[in-house]
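Single-structure report; data block below.
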Amino acid sequence: MRNLRVNFKSFSQIVKEFIKALGQSRTYNLSKNWHCFFGILWGLPVPFVTIGLDLYVSHLDFTLSNIIVIITAHPFHSFFILHPLLFGIVFGAMGTIRHNKEQKIRELNRLKSNFLSMVSHELRTPLTTILGYITFLRTEKVGSLNKAQKDCLEISEAEGELLNRLIEELLDLSRIESGQFRVNLEAVNINETITRAINSLRLFANDQGVSLESKLPKDLPLVLADKERIMEVIVNLIENGIKFNKRAGQVLITASYGAQDNKIIFSVSDTGIGIAQGELEKIFDSFYQVCQSRNRKYNGCGLGLAISRTILKLHRGNIWAESKAGEGSTFYFELLKYRESEL
Ligand code: ADP
């Protein structure tokens, strides 16, 4: 009964949309709405077949005067003659319904992006001030502190940094959705970038009891990349490797390339909790976290990999993962070797 009501509701909704589309000029506009054109083509054989059959049965030739004779003898043919028009209108209305829906989705996405961008900007400004004052206090610029006070400020600072990161990710997402996310490609010494990323996460790895190591070829060629954006990708992958690891686990960064290839493949592998096979593609979607309740104990909101994937797309590269639940994961990403002609 409940299902019936739902179906009736959606049916009446379809009828309403159809009637609304009939009133829109787009439905009848052949140049803007190819559905209408397609409908006319679809309906065109109907009068030909029905009148043709009648001519054939009456042993008459296919001439204009015979067609007129047949139509006057059997007026129901007028209905078949209208078929191309009717199909054109029905298909045209379907095209308009589809267009209206797409426009609504575009408008909602635009509103969502504007909202994200506005909220993130509004949060960022006071947060930067708060963080500035916390650092000011913690570094004892306005008077000395005892250990307990320092500890409190350190915790506040760390939480503030996390919030800052979340806001940056939301801003990146709104830039991606509004098509304003850009990269600035140049020749990058990726060995240096990876070392910088490792150094920035060394303390976090030590805290988590995870060893952090890289095995990179010394003669790694320059890559075509946006230094800061690719640093974000590497930091995100290493941080995930540490976050979703076990105590005494390991995170290892490697790179491989063939002399003839124009790409270098990097890998960040961990010995952590792993990801089930069915989840491997979904983790690259915005806000997707394998198990939200499990993730509550880790920081993050499921945007890092989605942003990383966009960054790599803009580098004409790729990112993917292999994993076995309970045994660990390896994330791969590939970058183009730098060649001046490619800029
Ligand atoms: P975040 O880490 O902020 O939640 P990400 O986009 O970086 O967002 O990752 C999405 C989800 O993918 C994570 O929440 C986690 O469930 C899963 N994931 C990512 N990396 C790993 C990893 N190395 N090991 C296990 N799960 C991971």
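Order of listing sets the numbers, starting from 1, for every ligand and every atom in it. Since this is a predicted model, take the numbers as computed values, not measurements. We count residues from 1, following the sequence as given. Any value given below was found using the heavy atoms of this structure, including those in side chains, with hydrogens, waters and symmetry copies removed.
- Those atoms of ligand 1 that come under 4.0 Å of a heavy atom in K243, given as number and element, are 1 (P), 2 (O), 3 (O).
- Numbered from 1 in the order shown, with element, the atoms of ligand 1 that lie under 4.0 Å from a heavy atom of Y288 read 10 (C), 11 (C).
- Between F244 and ligand 1, no N or O atom pair is found at a separation short of 3.5 Å.
- The distance from ligand 1 to the heavy atoms of G274 drops below 4.0 Å at these ligand atoms: 25 (C).
- In this structure, the side chains of T50 and D54 stay at 4.5 Å or more apart for every pair of heavy atoms.
- Of all atoms in ligand 1, listed by their number and element, those nearer than 4.0 Å to a heavy atom of L303 are 6 (O), 8 (O).
- In this structure, F331 counts as a contact residue of ligand 1, since one of its heavy atoms falls inside 4.0 Å of the ligand.
- The distance from ligand 1 to the heavy atoms of V290 drops below 4.0 Å at these ligand atoms: 16 (O), 17 (C).
- Checked against ring-ring contact (aromatic ring centres under 6.0 Å, His included), F38 has the following partners two or more places apart in sequence or in another chain: W42, F91.
- The CD1 atom of I283 sits 8.5 Å away from the CD atom of E281 when rounded to the nearest 0.5 Å.
- Atoms of ligand 1 lying under 4.0 Å from at least one heavy atom of C301, given by number and element, are 3 (O), 4 (O).
- Residues T330 and S267 have side chains that never bring a donor and an acceptor to within less than 3.5 angstrom of each other.
- Neither side chain, N33 nor H99, offers a donor N or O lying under 3.5 Å from an acceptor on the other.
- Using the six-membered ring where Trp is involved, Y133 and F136 have ring planes that are perpendicular, over 60° apart on the 30 and 60° scheme.
- Under the rule for a ring-ring contact (aromatic ring centres under 6.0 Å, His included), W34 has no partner lying at least two apart in sequence or in another chain.
- Within ligand 1, counting atoms from 1 as listed, the ones closer than 4.0 Å to a heavy atom of G302 are 1 (P), 3 (O), 4 (O), 6 (O), 8 (O).
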